[in-house]
Structures are given as C-alpha cells and as structure tokens.
Amino acid sequence: MSWRKTPAPIGPAAGNELAHPDDLAPPVWHRMREMAWRLPRVLAGLGPLGPRGPEDGPPALVIPGFLATDRTTMDLRRALALAGWRVHPWLLGLNTGAKKDTLKLLEKRLNEIGKGKPVLVVGWSLGGMFARQLAHRCPKKVRAVVTLGSPFSGNLKTNTNVREFYERIAGHDVNEPPFPHVLDKPPVPTLALWSRRDGIVAPSAARGLDHERDKAVEIDSYHTGFAVHRPVLMQIVNEIRTFLAEAEGWPPTLQPLIVAAPFAKA
C-alpha cells in the first residue's frame with residue numbers, strides 16, 4: 001500500500017488552547033530526551049534472546065514498540081521472568097510498523113508459546129496496539145493484554161508526536177493499517193499502564209476511556225522507562241499480578257526465581 005501524506009486535523013495536538021493537558025501529545029523535542037535517556041541501558045539488551053523464567057511458569061509474550069527490538073525489552077522480560085512468568089520475545093526483528101502479516105505471525109507465536117494455554121501479552125507502545133488487535137483476532141489464546149504507554153485511544157493523528165515519522169517508516173496512513181483494526185476493547189482482561197511524563201504519547205491516549213479497557217494505572221515514568229527503568233519494571237510486574245487477581249478471582253500461580261541480587265539474568 002502506498003503512503004500519501006495527510007495533514008494533521010485541527011485538534012488538541014494542533015494547539016487548541018481549550019484542550020486538557022492530558023489530551024496533548026508531548027512537544028516534539030521530548031523525543032530527543034527519550035532517546036538520550038535510553039542510551040545508558042543499551043548494553044542491558046545483550047544476552048540470549050530465548051525464553052526466560054521457570055519452564056513451568058505461565059506463558060507470556062512481550063512485543064516491542066516502534067523501532068524497537070527484543071533487545072530493547074530485555075530488562076522487561078527479565079523482570080517478568082524473575083516474578084515467575086515464562087517470558088518469550090516476539091522474534092520478529094525490528095518493529096517498523098504494521099505489516100499485512102503481523103497478526104498472523106503473532107498468532108503463530110502464541111501457538112508456539114502457549115501450547116494450548118492462554119498467553120499473557122504485554123505490549124510496549126506500538127507493541128500494545130498489536131497486542132490489542134491480536135486479542136481480537138484470537139481471544140481464546142490470550143489470557144490478558146497489558147499495554148505500556150500505548151496510544152490506543154483518541155485521534156491517532158494527534159495523540160503522539162511521532163505520527164508523521166511512523167507513516168513514513170511504515171508506509172501507510174496511521175488510520176489505515178494493512179490489517180483489520182478493531183477500536184473496541186479486546187474481549188479479554190485489558191490493563192492500560194500510562195504516564196503523565198511520557199515524552200511520546202498523550203497521557204489520555206495511553207490511559208483510554210472506561211469502555212476501552214478494564215483498568216488503567218498511572219506509572220511515573222518516561223516512555224522508554226516502561227521497558228528499561230528497573231524501579232518502573234517492578235511496579236509493572238506488581239500491577240499485572242494485582243490486575244489478574246482482580247480479573248480472574250485469584251492471583252496467578254507463580255514461583256519467583258530466587259536470585260542473589262535484583263535483576264540478575266534469569
């Protein structure tokens with residue numbers, strides 16, 4: 001599908017002075033801050049890309065954000081693994097946006113990972129958008145969806161400061177992905193984690209409306225912090241456990257790994 005530049009509509013991100021601050025995409029220069037803040041954690045992505053955590057732990061899949069890879073989510077997967085999840089990377093390389101076969105390949109990953117069991121799907125930023133669509137595509141294979149700073153709510157043309165960049169790289173209009181895009185809440189338990197300090201996504205876009213997710217929790221983090229900031233990762237792990245206990249009626253059965261120091265390689 002060829003991409004044609006379309007003008008951003010008039011709205012909050014275009015400077016509407018009556019807009020609530022939470023509806024405004026962060027200033028463009030915040031992108032540079034996010035990149036600089038993430039650089040010190042680059043080396044943390046080194047190591048085997050295979051599954052981590054107890055072999056008999058409940059299965060989980062982590063989907064990276066736009067222009068991120070499994071290396072970027074290494075610390076996030078380590079945190080989940082140490083909590084007792086059997087965590088898997090998406091293994092689809094660099095996330096350059098929605099492709100015609102993205103959901104098909106992700107469903108294949110669910111089959112490989114779950115082996116008949118529903119899988120917890122955690123998606124950072126664009127990865128969370130994929131996670132929601134994956135749950136619509138195959139709800140019986142998804143235990144729950146957790147989005148981390150994902151702009152699933154509001155106007156996709158104005159709710160982030162990377163929309164034009166995304167359209168150029170992905171090759172399609174942000175409102176016209178090359179697969180069916182369902183706006184409703186996925187038919188599985190859905191948790192949205194969001195931040196007012198997000199340098200990429202408008203807070204309200206990642207928080208969503210009541211009918212678009214089951215629960216939303218504010219996290220004090222930059223956008224990149226959802227994947228690399230260790231104190232934030234511990235909070236994410238705890239919020240997931242609490243949410244599943246509320247949604248399923250009892251806490252998930254987990255056997256945390258015993259390690260000598262926090263975030264040793266799982």
Side-chain angles (χ1 to χ4, degrees), residues 1-14 24-35 38-39 42 45 49 61-73 76 89-110 121-138 142 145 147-184 186 192 198-202 205-206 208 212 223-224 226-227:
M1 175 179 178
S2 61
W3 172 79
R4 293 180 297 112
K5 182 177 180 180
T6 55
I10 297 175
L24 298 173
V28 173
W29 68 267
H30 283 206
R31 296 194 309 232
M32 299 303 296
R33 182 193 65 187
E34 293 279 354
M35 293 174 61
R38 175 174 143 184
L39 287 177
V42 170
L49 282 180
L61 170 66
V62 174
I63 307 176
F66 181 53
L67 296 185
T69 70
D70 290 320
R71 296 289 177 191
T72 313
T73 62
L76 174 57
W90 85 323
L91 295 182
L92 298 182
L94 181 69
N95 187 346
T96 56
K99 301 292 184 291
K100 187 175 182 180
D101 61 350
T102 297
L103 296 184
K104 179 180 179 180
L105 293 174
L106 283 173
E107 183 176 6
K108 180 180 178 182
R109 287 293 288 145
L110 288 184
V121 183
V122 180
W124 172 40
S125 196
L126 178 62
M129 306 285 277
F130 290 170
R132 288 173 62 93
Q133 297 307 310
L134 184 63
H136 279 294
R137 179 183 174 98
C138 43
V142 177
V145 165
T147 58
L148 310 177
S150 300
F152 63 86
S153 181
N155 191 328
L156 297 181
K157 288 287 189 180
T158 62
N159 63 9
T160 77
N161 58 27
V162 297
R163 186 266 304 175
E164 286 195 23
F165 191 47
Y166 172 85
E167 290 181 333
R168 289 185 182 277
I169 297 295
H172 64 83
D173 187 282
V174 72
N175 285 314
E176 299 177 8
F179 51 65
H181 181 222
V182 184
L183 297 177
D184 298 337
D198 196 310
I200 302 293
V201 176
E212 295 174 316
H223 189 75
T224 51
F226 283 112

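Because only heavy atoms are used, hydrogens play no part in the values below, and waters and symmetry mates are left out as well, while side chains stay in. Just so you know, residue 1 is the first one in the sequence shown, and it goes up from there. Everything numeric here is computed off the predicted structure, so don't read it as measured data.
- Listed by chain and number, the residues in a side chain to side chain contact (heavy atoms under 4.5 Å, CB included) with I169 are F66, L67, T96, F165 (sequence neighbours excluded).
- With sequence neighbours left out, the side chain to side chain contact (heavy atoms under 4.5 Å, CB included) criterion links R137 to L103, K104, E107.
- Counting only heavy atoms from C-beta outward, the side chains of L110 and C138 approach each other to under 4.5 Å.
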Inset, instruction - May I have the step-by-step check of side chain to side chain contact (heavy atoms under 4.5 Å, CB included) for D198 and F226, ending in yes or no? - result: CA-CA 10 Å; D198 196 310; F226 283 112; 4.1 Å; yes
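- Between the side chain of W124 and the main chain of T224, no donor-acceptor pair closer than 3.5 Å is present.
- With sequence neighbours excluded, no residue forms a side-chain hydrogen bond (donor to acceptor under 3.5 Å, both in side chains) with T147.
- Ion pairing between E167 and K157 holds under the 4.0 Å rule for side-chain N and carboxylate O.
- Of the inter-residue distances, the one linking I63 atom CD1 with L134 atom CG reads 6.0 Å to the nearest 0.5 angstrom.
- Remark: side-chain polar atoms of D70 are not paired, donor with acceptor, to backbone N or O of P89 under 3.5 angstrom.
- Every pair tested for salt bridge (Lys or Arg N to Asp or Glu O under 4.0 Å) that includes a residue from residues 121-133 fails, sequence neighbours excluded, so the list is empty.
- Side-chain atoms of S150 come within 3.5 Å of backbone atoms of S125 as a donor-acceptor pair (strictly under, hydrogens ignored).
- Across all their heavy atoms, V145 and A135 have their closest contact at CG2-CB, 3.7 Å.
- Judged by distance alone, the side chain of H223 and the main-chain N or O of L148 form no donor-acceptor pair under 3.5 Å.
- Here E212 pairs with S153 under the side-chain hydrogen bond (donor to acceptor under 3.5 Å, both in side chains) rule; sequence neighbours left out.
- Residues A206 and A192 share a closest heavy-atom pair of O-CB, 3.5 Å.
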Inset, instruction - Please lay out, stage by stage, how Y166 and H172 fare under the test ring-ring contact (aromatic ring centres under 6.0 Å, His included). - result: CA-CA 8 Å; Y166 172 85; H172 64 83; 5.3 Å; yes
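- Within the model, atoms CG of L106 and CG of L91 stand 10.5 Å from one another, a figure rounded to the nearest 0.5 Å.
- Looking only at side-chain heavy atoms (C-beta outward), P64 and T69 stay at 4.5 Å or farther from each other.
- Note: F130 CZ to L61 CG = 12.0 Å, rounded to the nearest 0.5 Å.
- Residues passing the side chain to side chain contact (heavy atoms under 4.5 Å, CB included) test with L156, sequence neighbours excluded: M129, N159, V174, N175, H181.
- Note that the CD atom of Q133 and the CZ atom of F179 stand 6.0 Å from one another [nearest 0.5 Å].
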